[in-house]
Amino acid sequence: LAQALQLLEHGCCCLRALGSMADAAAELPLTEQYNAAVQKVSEWKPAKTIPDDRKLIMYALFKQAAEGNVQGDRPSMFSLVKRRKWDAWSACKDKDTETCQREYIAELAAQMKEFS
């Protein structure tokens, strides 16, 4: 887990595609890799502003992995933020937890590379 966190810190969480250190981290169960990525998101301070659409990708993948398909009615157009979050989460409908976790890790790696 410490190796995965270290890799994430350096923007290298596409673990399977990297060198020997990444090979060791890739041996971690997906859940541990995902938990390390979630932890990194809460600590990471990007140097550049991340666009809202990219933040919504992370939000949607996190929610789908944690709770499954979005529930409830779509918020009204007068609740723009809630509506955009609902729409992003709804776009992940029927994705399984493992797929969401992998995509979350990959998106974090892309964002860290692009916005660090």
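Worth saying up front: this structure is predicted, and the values here are computed from it rather than measured.
- Using a distance-only test at 3.5 Å, with no hydrogens or angles considered, no donor-acceptor pair links the side chain of Ser116 to the main chain of Lys113.
- Here Asp73 pairs with nothing under the side chain to side chain donor-acceptor pair (under 3.5 Å) rule; sequence neighbours left out.
- Gln33 places no side-chain N or O within 3.5 Å of a backbone atom of Ile105 that could act as its donor or acceptor partner.
- Scored by the side-chain contact (heavy atoms from CB on, under 4.5 Å) test, Lys55 finds Ile50, Asp52 as partners (sequence neighbours excluded).
- Under a 4.5 Å side-chain heavy-atom cut-off, the cluster of Ile, Leu, Val, Met, Phe, Trp and Tyr residues that includes Trp86 is completed by Tyr59, Val70, Trp89.
- Sorted by first and then second residue, the ring-ring contact (aromatic ring centres under 6.0 Å, His included) pairs involving residues 29-52 (not counting sequence neighbours) are Tyr34-Tyr104.
- In terms of hydrophobic clustering, with Ile, Leu, Val, Met, Phe, Trp and Tyr side chains grouped at heavy-atom distances under 4.5 Å, Phe62 and Leu56 are assigned to different clusters.
- Looking at every heavy atom in both residues, Leu61 comes nearest to Cys92 through CD2-SG, 4.0 Å.
- Evaluation of the side-chain contact (heavy atoms from CB on, under 4.5 Å) rule for Ser76 yields Phe78, Ser79 as partners, not counting sequence neighbours.
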ask   = Going through the distances and angles, do Glu103 and Glu107 end up as a side chain to side chain contact (heavy atoms under 4.5 Å, CB included)?
value = CA-CA 6 Å; Glu103 289 180 14; Glu107 177 61 21; over 6 Å; no
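- Asp94 and Asn69 make their closest contact through N-OD1, 2.6 Å (heavy atoms, listed as atom of the first residue, atom of the second, distance).
- Salt bridge absent: Lys48 and Glu114 never bring a charged side-chain N and a carboxylate O closer than 4.0 Å.
- Applying the salt bridge (charged side-chain N to carboxylate O under 4.0 Å, His left out) test to every pair with at least one member in residues 75-89, sequence neighbours left out, gives these pairs: Arg74-Asp87.
- In this structure, CG on Leu30 lies 5.5 Å from CD on Glu98, to the nearest 0.5 angstrom.
- The backbone N or O of Lys95 lies less than 3.5 Å from a partner atom in the side chain of Gln64, making a donor-acceptor pair.
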inquiry  = Run the side chain to side chain contact (heavy atoms under 4.5 Å, CB included) test on Gln39 and Asn35 for me, step by step, so that the C-alpha distance in whole Å, both residues' side-chain angles and the decisive distance to 0.1 Å come before the verdict.
reply    = CA-CA 6 Å; Gln39 174 78 25; Asn35 290 338; over 6 Å; no
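- Atom CG of Asp96 sits about 9.0 Å away from atom CD of Gln101, to the nearest 0.5 Å.
- Within the model, atoms CZ of Arg54 and CD of Gln111 stand 5.0 Å from one another, a figure rounded to the nearest 0.5 Å.
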